[in-house]
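Data first, discussion second: the structure below is written as structure tokens.
Order of the sequence lines fixes the chain letters, A, B, ..., with proteins taken first and strands second; residue numbering starts at 1 for each chain.
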4 protein chains.
Amino acid sequence: MARLTGSDGRRTMAAIQQAALQLIYEHGYEATSLRLLAKKVGLHTGSLYNHISNKQELLFYLIRSHMEDLLRSCSEYMDAHASGDSRADVEHFIRFHIRFHVDRKHEVFISYSELRSLDKQNYEFITAMRQIYENRLISLVSAGIDKGAFHIGDARIVAFGVLSMLAAIPSWFKPDSPLTVDAVTEQFTAFVLNGLAGSTPPANSNP
Amino acid sequence: MARLTGSDGRRTMAAIQQAALQLIYEHGYEATSLRLLAKKVGLHTGSLYNHISNKQELLFYLIRSHMEDLLRSCSEYMDAHASGDSRADVEHFIRFHIRFHVDRKHEVFISYSELRSLDKQNYEFITAMRQIYENRLISLVSAGIDKGAFHIGDARIVAFGVLSMLAAIPSWFKPDSPLTVDAVTEQFTAFVLNGLAGSTPPANSNP
Amino acid sequence: MARLTGSDGRRTMAAIQQAALQLIYEHGYEATSLRLLAKKVGLHTGSLYNHISNKQELLFYLIRSHMEDLLRSCSEYMDAHASGDSRADVEHFIRFHIRFHVDRKHEVFISYSELRSLDKQNYEFITAMRQIYENRLISLVSAGIDKGAFHIGDARIVAFGVLSMLAAIPSWFKPDSPLTVDAVTEQFTAFVLNGLAGSTPPANSNP
Amino acid sequence: MARLTGSDGRRTMAAIQQAALQLIYEHGYEATSLRLLAKKVGLHTGSLYNHISNKQELLFYLIRSHMEDLLRSCSEYMDAHASGDSRADVEHFIRFHIRFHVDRKHEVFISYSELRSLDKQNYEFITAMRQIYENRLISLVSAGIDKGAFHIGDARIVAFGVLSMLAAIPSWFKPDSPLTVDAVTEQFTAFVLNGLAGSTPPANSNP
DNA sequence: TATGAATGAGTGTTCATTCAT
DNA sequence: TATGAATGAACACTCATTCAT
């Protein structure tokens with residue numbers, strides 16, 4: 001009995017998280033009221049506070065969980081596919097990134113767009129986690145430059161570009177379109193690797 | 001003297017717009033209260049309504065103005081630099097985009113991230129404008145594929161990638177950094193053109 | 001020129017009154033905003049104050065004008081139709097009342113239902129005017145009792161009843177119905193005169 | 001003890017209703033602010049919304065409750081005093097009406113004068129209820145005409161007159177006056193019955 | 001744990017009124 | 001007289017949060 005109570009509690013909390021992810025994704029953190037959240041979960045507003053401490057902590061929890069998941073999964077994947085080849089490493093990173101993000105549309109969106117709604121301390125905590133992730137790609141690109149595999153000027157700039165490109169995928173990718181995740185992955189991988197390889201200098205046009 | 005009346009009104013409205021851009025950029029549309037906005041402009045809350053009809057229309061106005069500005073400027077620039085060369089055209093698009101966006105940090109951010117806060121009708125209006133802009137790049141890329149200048153699979157996908165990459169620049173670019181706008185522009189131009197040129201097929205690794 | 005200005009001013013004021021009567025009739029005094037009124041008249045809100053001193057005074061003016069009109073017209077009519085016969089006098093009062101009220105639907109309604117919106121001083125002023133009117137009927141009824149024409153217990157009670165009955169006519173009478181004003185007048189006159197004549201005592205049922 | 005919670009909620013709602021009746025009677029619906037209402041009940045403004053859904057619904061609830069009460073009580077009374085005699089039936093209706101209305105001054109006034117403040121749907125709902133009540137009297141009068149007990153031209157017109165007369169009683173009747181309810185009842189009953197009996201045709205004066 | 005009522009601060013918006021031009 | 005901008009108070013209503021039961 002007592003176990004079942006705990007079990008129900010955990011199930012309720014999971015329902016709260018899932019509902020919160022969807023509501024915040026749809027309306028944004030500020031526009032998502034706990035009234036609405038409670039209703040969606042089938043609780044009275046006050047009862048939410050048996051499961052969460054407050055709204056800000058709920059947001060932080062959602063984003064932090066996602067980031068922890070991301071960092072852990074990325075480490076596992078990259079460790080499993082480690083190679084000395086920079087091109088192969090970058091390709092694996094892209095592959096991992098797309099796979100991981102494509103079916104976490106809500107979490108991904110919130111983790112970017114609601115950073116602003118985190119209070120200072122929580123914001124810095126998440127930002128630090130994000131930098132760890134970004135640094136993985138920056139490192140791979142830098143290493144490639146050093147090894148002569150990539151010919152680009154600034155690893156950080158290009159890495160930011162690539163990450164922005166990847167991060168936006170869930171916002172326009174439609175799982176039910178004829179376009180498969182694998183097709184998108186191949187296109188982006190080829191595009192990025194060619195971009196990094198860098199044989200063609202830009203025409204030096206004066207604007 | 002008499003002219004100053006109208007002039008004052010126009011000046012007040014301009015102040016409202018500027019303050020709104022900054023506040024919405026900082027806190028988001030939902031979290032930006034008209035009280036705060038009024039205070040920043042030096043008005044009583046109710047006096048705002050001598051200049052705007054409501055909060056939603058203010059947001060719409062800000063975004064629409066920005067998008068109109070974007071489309072007009074883009075047309076002018078591209079018309080002025082028209083060439084038969086796909087590579088040159090894409091390069092000009094990138095050059096224009098970065099130039100235009102880099103010193104419109106607030107407008108750019110809001111025009112993306114607060115689409116969700118627009119009501120249905122306004123949302124569709126802005127989305128249609130955005131598509132016009134996106135289609136410019138998609139067309140250039142498609143044309144390049146047709147002419148054999150670019151070797152990529154799907155013009156739309158890659159164009160979305162490029163746009164995402166470009167759109168994110170104001171979020172990480174710091175005007176006071178040693179890195180100049182021109183340097184960023186060159187890096188991105190080279191990266192994108194090489195990506196589009198596309199000599200290197202991806203290693204077909206099964207994940 | 002100067003005359004024409006004054007003339008325009010008077011015309012504007014007349015338009016304000018008419019619009020106010022209709023708006024207050026429709027929405028009530030509290031729910032009628034000066035914004036709406038100004039719009040209906042084709043002025044900006046602030047410009048109203050070139051014609052009225054404030055909202056309360058406008059209401060007072062509307063009601064007082066109506067009451068003055070009522071008292072003056074009633075005096076004229078009753079003086080013109082004076083007779084020694086109580087029955088004839090009451091009949092004339094009823095006839096006058098219906099005639100006067102039927103095509104002043106707005107004024108009548110407002111003069112009753114918005115008494116509550118008058119401030120104390122204005123309320124008392126109007127109430128005094130109303131009592132003068134009510135006393136006319138009460139006097140006629142009292143006189144009829146004294147002369148033995150009417151057989152009822154309390155002139156005031158019955159007079160109030162009759163006045164209530166008459167006052168409500170504009171609220172249900174529809175000028176475009178097959179029922180004419182004259183028909184209504186006849187029905188009410190007969191009913192009231194028979195009621196006042198009073199031959200039949202009520203069955204003394206214990207409730 | 002535990003029961004007291006529900007009990008408190010119900011007691012609060014009852015207090016809200018009573019306070020609302022009095023305030024709306026005094027100042028009108030539009031001029032009655034929820035701030036004032038809350039203060040009178042001893043709540044914060046927002047706490048009202050634990051009991052009502054909005055101001056309009058509160059008004060609707062007050063009027064609807066009154067009308068339901070009226071229709072139910074009227075049915076009970078008339079059923080209990082049913083008789084084949086039209087004069088007795090009308091007398092009972094009048095008796096019931098006065099009894100019922102005299103000590104419901106607030107409800108009665110609001111239910112008439114604030115119909116205009118109901119939104120369209122609620123207005124039509126209440127109007128339909130009112131017509132049921134009015135039709136009771138109209139039916140009695142019609143039946144009396146058919147049976148030859150009453151001699152008047154149009155049952156509807158006269159019934160409206162009688163209802164207006166009765167409806168206004170609470171507005172001038174003072175419970176603490178020497179005049180008793182029973183006295184008023186007798187006077188009105190006699191007046192109406194004589195009016196309906198209708199022996200005297202009106203003098204056909206041309207105004 | 002859930003409930004329902006309460007809190008107190010806050011929201012966007014409207015109001016009658018004023019006044020320099 | 002008309003205008004357009006400003007005022008300052010008020011409005012109905014929602015919010016996250018608390019707490020006795």
Side-chain angles (χ1 to χ4, degrees), chain A residues 5-6 8-9 12-13 30-38 42-56 58, chain B residues 1-13 30-38 41-56 58, chain C residues 5-6 8-9 12-13 30-38 42-56 58, chain D residues 1-13 30-38 41-56 58:
Chain A
T5 302
D8 274 5
T12 304
M13 183 53 187
E30 289 285 346
T32 296
S33 78
L34 294 188
R35 259 168 187 63
L36 196 61
L37 175 58
L43 286 178
H44 286 233
T45 312
S47 308
L48 277 180
Y49 285 83
N50 290 318
H51 303 273
I52 68 175
S53 52
N54 56 53
K55 199 185 174 189
Q56 168 71 210
L58 174 59
Chain B
M1 273 291 188
R3 275 252 228 33
L4 277 183
T5 301
S7 183
D8 267 350
R10 236 171 270 133
R11 212 173 292 156
T12 304
M13 183 53 184
E30 289 285 348
T32 297
S33 82
L34 294 187
R35 269 160 182 71
L36 195 61
L37 175 58
V41 178
L43 285 179
H44 286 234
T45 312
S47 304
L48 283 177
Y49 286 82
N50 287 321
H51 304 274
I52 67 174
S53 52
N54 56 53
K55 197 186 175 190
Q56 168 71 206
L58 174 58
Chain C
T5 302
D8 276 5
T12 304
M13 183 53 187
E30 290 284 349
T32 297
S33 79
L34 294 188
R35 261 168 185 62
L36 196 60
L37 176 59
L43 287 177
H44 286 232
T45 312
S47 307
L48 277 181
Y49 286 83
N50 290 317
H51 303 273
I52 68 173
S53 52
N54 56 53
K55 199 185 174 190
Q56 168 71 209
L58 174 58
Chain D
M1 273 289 189
R3 273 258 228 30
L4 277 183
T5 300
S7 183
D8 267 349
R10 235 170 272 135
R11 212 173 291 155
T12 303
M13 181 54 184
E30 289 284 348
T32 296
S33 81
L34 294 188
R35 270 162 181 68
L36 196 61
L37 175 58
V41 178
L43 285 179
H44 286 235
T45 311
S47 305
L48 283 178
Y49 287 84
N50 287 321
H51 304 274
I52 67 173
S53 51
N54 55 54
K55 198 186 174 189
Q56 168 72 206
L58 174 58

(request) Would you give the length of the straight line joining atom OG1 of C/Thr45 to atom CZ of C/Arg35, rounded to the nearest 0.5 angstrom? (result) 5.5 Å
(request) For DNA chain E, write out the stems as range with range, using runs of 3 or more consecutive Watson-Crick or G-U pairs with both distances under 3.5 Å. (result) E:2-21 with F:2-21
(request) Starting from C1' on F/dC13, measure out to CG on D/Leu58 and report it in whole angstrom. (result) 14 Å
(message) Output the rounded distance in Å from CG (A/Leu37) to C1' (F/dT17).
(response) 14 Å
(message) Closest-nucleotide mapping onto DNA chain E: is A/His51 or B/Ser53 further toward the 5' terminus? I mean the 5' end.
(response) A/His51
(request) Please determine if a side-chain N or O atom of A/Thr45 lies less than 4.0 Å away from the OP1 or OP2 oxygen of E/dA5. (result) no
(message) On a heavy-atom basis, which atom in B/Leu34 and which in B/Tyr49 lie closest, and how many Å separate them?
(response) CD1-OH, 3.2 Å
(request) Compare the minimum distances between each of F/dA2, E/dT17, F/dG8 and the side chain of C/Asn50, then state the nucleotide with the smallest one. (result) F/dA2
(request) Pick base, sugar-phosphate or nothing for B/Leu43, based on heavy-atom distances below 4.0 Å to the nucleic acid. (result) sugar-phosphate
(message) Nearest to the side chain of D/Leu34, heavy atoms from C-beta on, is which of E/dA16, F/dA12, F/dA6?
(response) F/dA12
(message) The side chain of C/Lys55 is closest to which nucleotide in this list: F/dT14, E/dT11, E/dT17?
(response) E/dT17
(request) Consider the side chain of D/Ser33, meaning its heavy atoms from C-beta on, and name the nucleotide among F/dA6, F/dA12, E/dA6 that approaches it most closely. (result) F/dA12
(message) What's the closest nucleotide to the side chain of B/His44 if the choices are E/dA6, F/dG8, F/dA2?
(response) F/dG8
(message) What is the separation between atom CG on A/Asn54 and atom C1' on F/dC15, rounded to the nearest whole Å?
(response) 14 Å
(message) What is the distance, to the nearest angstrom, from the CG atom on C/Leu36 to the C1' atom on E/dA16?
(response) 14 Å
(request) Over all heavy atoms of both residues, which pair between C/Lys55 and C/Glu30 is shortest? Give the atoms and the distance, please. (result) NZ-O, 3.8 Å
(request) Measure the distance from CZ on B/Arg11 to P on F/dA6 and round it to the nearest whole Å. (result) 11 Å
(request) Please evaluate the base of F/dA12 for a donor-acceptor partner in the side chain of D/Arg35 within a cut-off of under 3.5 Å? (result) yes
(request) Would you indicate whether the side-chain heavy atoms of A/Leu58 and A/Leu48 approach each other to under 4.5 Å? (result) no
(message) Whole angstroms only, please: what is the OH-C1' distance between D/Tyr49 and E/dT11?
(response) 12 Å
(request) Round to the nearest Å and state the distance from B/Leu48 atom CG to E/dT14 atom C1'. (result) 13 Å
(request) Consider the side chain of D/Ser47, meaning its heavy atoms from C-beta on, and name the nucleotide among F/dC13, E/dA6, E/dT17 that approaches it most closely. (result) E/dA6
(message) Without decimals, in angstroms, what is the distance between B/Ile52 CD1 and F/dA6 P?
(response) 13 Å
(message) Quick check on DNA chain F: between D/Gly46 and D/Ala31, whose nearest nucleotide comes earlier from the 5' end?
(response) D/Ala31
(request) Go through A/Asn50 and A/Leu43 one step at a time and tell me if the side-chain contact (heavy atoms from CB on, under 4.5 Å) criterion holds. (result) CA-CA 11 Å; A/Asn50 290 318; A/Leu43 286 178; over 6 Å; no
